[in-house]
Amino acid sequence: ISENSPIFLKILMMKRILTLLFILPFLCLFAGGQTITTGTNSHIDYSRLLRIDTLVNQYIQKGWIKDVVTIVVKDNQLVQYKGYGYFDPSGKKPMPKDALFRLASQTKAIVSVAAMTLYEEGKFMLDEPIADFIPEFRHPKVLDQFNEKDSTYTSKPAKRDITFRDLFTHTSGIDYPGIGSPSMKAIYAKAGIPSGLGVVDEDLLETIQRLAKLPLIHNPGEKWTYGLSVDVLGCLVQVISGMNLEDYLSEKIFRPLGMKDTYFNVPASKANRLSTVYTEDSLGHLLVWDKNKTGIDPDYPLIKKHYFSGGAGLTGTAYDYAIFLQMMLNKGKYNGVQILAPRTVELMTSGQLDFTFNGVDNFGLGFDITSEKSGARNPRNADSFSWGGFFGTTYWADPKAKLICLIMTQQVPNTHGDLSMKFEQLVYQSLK
């Protein structure tokens, strides 16, 4: 056939079209950034995955928990996303999978990523003192002696200033109101330092400046102490960017990723999707959360606020958070947008400590990092990154298995919190 003949030209055109159709999905995959898709995943045994349904429904039928949402993403594919139980206390409305959950400490990872976008702009260095931006933190003091009778104390100079890395890794020496050490809980209460949950009208910078004048529980970098470090980090995002934290997260993370259901201030149009918070009585019976007994109004997501707690303030869905984690597994890219550079994601998900923070794991820049030892003893693989929230939400992302999992509840305390660990077991037993 002549190269100029109509038949040859038609064959050549068809060959080019077939080639384009073959490579187009791969071009989209690498050029646009992987997004979560639906479809059957050949690496999942779906009959075994159904064991999750049996497990969760057992807990609900026994009255141990009212409602649950779970989500499993494997290889960028949504393989499980379900609501269990009932959305309302009356037990009439089935739990929707897109229910809004108080994320509490799951806020920390998102704010840590936000801070690292400023790091990538050269606005700060990880080992730079935070006092360069909030001067009240210059020359911090460490608690020495504490008087339980009147909450008075003595302090001594810290060995060095607090750095950004200290905040990301919870090694700053800043403790937590409400759940921290007895001495620092008393000191914070006396100074009016809030935990961040349910706070509405306070000024974030002024609150953090007051915190800066209080003693640390230990020298910066000395040990791991869960505290208000990421609330301070969120305040620094505001100071450095010149934007409030709500607007910064929306502009830099939520809108680019397509996270349409994550807020500090949940809009009135979505109020009917806010899940109920439960607690337990002394016999383990479930009760609706009472703000008069706990001091935290469960409706705080719906109350207009301008205090944005970087450690606890967000509300969102399981799916939105899965998008955020998929971006991290994609080395900072999702929905065609590069939120962070691949090397920055590697930094965030690498152990930063010279010691274990819970006896076995390490901690990155905003995440618990599963160690080799922990990975050898438990289902999730080493280098998985994870955390959870006060009201009963848990997540992890496993780079080796290319897996994202969340189990979301709203119950404090929960004497049957082992459900999340069993959920983890059942996810991994379903992998081929």
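Since the model is a prediction, treat every value here as computed from it, not as a measurement.
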Close side-chain approach of Tyr153 and Pro215, heavy atoms under 4.5 Å: yes
Taking the ring centre of each residue, are Phe391 and Phe101 less than 6.0 Å apart? no
Return yes when atom NZ of Lys74 has more than 12 non-hydrogen atoms of other residues, nucleotides or ligands closer than 6.0 Å, and no otherwise. yes
Return the orientation label for the His416 and Trp64 ring planes: parallel under 30°, perpendicular over 60°, tilted otherwise. parallel
Out of the candidates Met327, Lys333, Met328, only one should pair with Ile339 under the side chain to side chain contact (heavy atoms under 4.5 Å, CB included) rule; please name it. Met327
What residues form a side chain to side chain contact (heavy atoms under 4.5 Å, CB included) with Tyr46, not counting sequence neighbours? Thr40, Asn41, Ile44, Leu49, Val79
Can you find a heavy atom in the side chain of Asp175 that is under 4.5 Å from one in the side chain of Lys185? no
Check the pair Asp75 / Lys402 against salt bridge (Lys or Arg N to Asp or Glu O under 4.0 Å), numbers first and verdict last. CA-CA 5 Å; Asp75 305 321; Lys402 298 179 181 178; 5.1 Å; no
I'd like to know whether the aromatic ring centres of Tyr300 and Tyr307 sit less than 6.0 Å apart in this structure. no
Side-chain heavy-atom pair Ser309, Asp231 within 4.5 angstrom cut-off: yes
For Phe385 and Phe367, take the angle between the two ring planes, folded into 0 to 90°, and tell me which bin it lands in: parallel under 30, tilted 30 to 60, perpendicular over 60. perpendicular
Looking at Phe324, Tyr226, Tyr395, which hits ring-ring contact (aromatic ring centres under 6.0 Å, His included) with Trp387? Tyr226
Would you check if Thr262 and Leu249 make a side-chain contact, meaning some heavy-atom pair closer than 4.5 Å? no
Please check if the side chain of Asp398 supplies one atom and the backbone of Arg380 the other of a donor-acceptor pair under 3.5 Å. no
Just how far is it from atom CG of Asp299 to atom NZ of Lys291, taken to the nearest 0.5 Å? 7.0 Å
From CA spacing to verdict: side chain to side chain donor-acceptor pair (under 3.5 Å), Glu120, Thr344: CA-CA 8 Å; Glu120 290 194 333; Thr344 304; 2.5 Å; yes
Is there a side-chain contact between Thr171 and Phe357, using heavy atoms and a 4.5 Å cut-off? no
Taking atom types as modelled, find out whether Ser384 and Asn381 have a side-chain donor-acceptor pair closer than 3.5 angstrom. no
Starting from the C-alpha separation in whole Å, work towards a yes-or-no answer on side chain to side chain donor-acceptor pair (under 3.5 Å) for Tyr263 and Asp320. CA-CA 11 Å; Tyr263 306 94; Asp320 260 17; over 6 Å; no
Who are the side chain to side chain donor-acceptor pair (under 3.5 Å) partners of Asp67, not counting sequence neighbours? none
Using side chain to side chain contact (heavy atoms under 4.5 Å, CB included) as the criterion, list what pairs up with Thr279, not counting sequence neighbours. Leu287, Trp289, Pro413
Stepwise salt bridge (Lys or Arg N to Asp or Glu O under 4.0 Å) test for Asp383 and Lys400: CA-CA 8 Å; Asp383 298 325; Lys400 182 177 180 181; over 6 Å; no
For the residue pair Phe137 and Val232, establish whether any side-chain heavy-atom pair is separated by less than 4.5 Å. yes
For the pair Trp396 and Phe423, name the ring-plane relationship: parallel under 30°, tilted 30 to 60°, perpendicular over 60°. perpendicular
